[in-house]
Amino acid sequence: MRLNPHLAAMPGGYLFGEIARRVQAYEPAAPRPIIRLGIGDVTQPLAPAITQALVDAAREMGTPEGFHGYPPDQGYAFLRRAIIDADYAPLGVGLELDEVFITDGAKTDTSALPELLAADARVAVTDPVYPAYVDANAMAGRLGHYEKGAWSRLVTLPCHADNAFVPELPRERVDLLYLCYPNNPTGTVLTQAQLARFVAYALETDTLILFDAAYKAYITDPAIPRSIYQIPGAERVAVECCSFSKSAGFTGTRCAYTVIPKALQGRVDGRMVSLNALWARRVACRQNGVSYPVQRAAAAALSPAGQAQVAAQVQAYIDNAHAIVAALQGAGLEVFGGIHAPYVWLRIPGGQSAWDFFDHLLHRAQVVGTPGSGFGPAGEGYLRLTAFNTAERTREALARILAVL
Ligand code: PLP
């Protein structure tokens with residue numbers, strides 16, 4: 001059999017696989033329990049309004065009149081309506097029901113959406129970046145060959161302290177630009193004017209922006225855009241991916257959504273085609289959606305009671321992030337992010353490499369972070385800490401880190 005050469009050419013394992021391997025190898029010898037501030041997984045249990053909806057929907061499924069088979073391709077209308085009313089109407093963004101697609105994860109859709117484009121489309125990402133964007137395009141053969149730590153056809157936009165983590169516009173023509181704000185891994189955000197610059201660029205150059213807003217629940221300043229559609233004209237150039245994972249604790253429950261405005265059009269053989277129609281066609285043939293109980297649970301997260309409960313959970317993570325920033329800054333470290341995001345990006349003191357500093361914290365402090373170089377070459381010299389652990393363990397981890405600096 002002939003296998004996918006692009007998949008076979010992928011470097012190493014997925015970043016978090018390597019971290020898990022190192023932690024597992026060390027754990028039996030660790031003098032005290034390890035505290036994990038590495039992977040971006042939530043720790044609080046599902047909120048009461050959500051579990052109630054899951055239980056009620058499961059019961060309903062066990063009755064003849066309440067049974068639900070395959071869900072509608074784009075998701076149930078009750079959930080799409082709740083998303084439009086709760087997440088977009090308050091921002092002054094009007095959407096129609098068929099512009100929202102329910103999916104099992106933002107990882108799934110941010111990886112799959114490039115299928116809308118030509119097979120040889122040019123892709124641009126920020127560096128550092130959430131690795132799934134790069135991996136998905138690499139295995140689809142869009143990134144060329146991998147040599148000396150870089151993909152030959154991938155356009156990267158370095159983000160570092162000197163440009164305040166705001167990427168430059170791509171210098172060469174690209175078809176697809178991934179933007180993720182609040183950013184994973186740096187925890188930084190874009191102002192309205194900075195995001196508007198990207199939208200203007202995309203309109204001018206006929207570029208599709210894939211805007212990943214998985215962390216929008218962490219924005220506490222109303223002046224910072226929560227949706228790219230708050231920028232006029234974005235509906236003609238941008239797809240937006242959102243998730244219940246980090247806002248409502250759905251990392252294990254699985255529900256997310258993608259917005260594809262009907263105003264968004266691209267060219268096929270010189271004729272204009274709607275991306276919304278193409279994606280609807282693709283969804284219909286590739287997936288059978290998210291289960292009824294989970295869609296009910298997601299809608300419950302958007303109910304008034306659910307919104308209050310999940311806001312309290314998000315606030316607890318934000319408090320952790322602020323505590324991490326304050327403690328590290330107090331120790332004289334240079335830190336970024338962590339204000340409107342659950343991630344803190346710290347500059348490693350003393351010129352150690354990211355993996356060396358990761359090992360140092362693991363072996364000396366029994367704390368797990370994520371080495372910045374795992375998110376791209378521009379992440380070398382940085383370490384990411386997440387705010388998703390409990391307040392108590394976060395405090396303990398900080399005390400341990402400060403003791404070994
Ligand atoms: N997008 C970004 C930027 C993420 O950091 C993550 C998870 O860490 C995801 C998407 C995945 O979201 P989901 O759980 O909805 O697949």
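Just the heavy atoms: all of them, side chains too, but no hydrogens, waters or symmetry mates, feed the values below. All ligand and atom numbering here is 1-based and tracks the order in the structure.
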Peer 1: Looking only at heavy atoms, what is the nearest atom pair of R142 and P114, with distance?
Peer 2: NH1-CB, 3.4 Å
Peer 1: Is the NZ or CZ atom of K216 both under 6.0 Å from the centre of the six-membered ring of Y88 and within 45° of that ring's axis?
Peer 2: yes
Peer 1: Who pairs with A297 by side-chain contact (heavy atoms from CB on, under 4.5 Å), at least two apart in sequence or on another chain?
Peer 2: I50, L54, F250
Peer 1: At a 4.0 angstrom heavy-atom cut-off, what protein residues surround ligand 1?
Peer 2: G105, A106, K107, Y130, Y133, C180, N184, D212, A214, Y215, S243, S245, K246, R254
Peer 1: Can you list every ring-ring contact (aromatic ring centres under 6.0 Å, His included) pair that touches residues 167-201, not counting sequence neighbours?
Peer 2: Y133-Y178
Peer 1: Could you name each residue pair satisfying ring-ring contact (aromatic ring centres under 6.0 Å, His included) that touches residues 291-324, not counting sequence neighbours?
Peer 2: H68-Y292, Y76-Y292, Y317-F388
Peer 1: Between E115 and R286, does any NZ, NE, NH1 or NH2 come within less than 4.0 Å of an OD or OE carboxylate oxygen?
Peer 2: yes
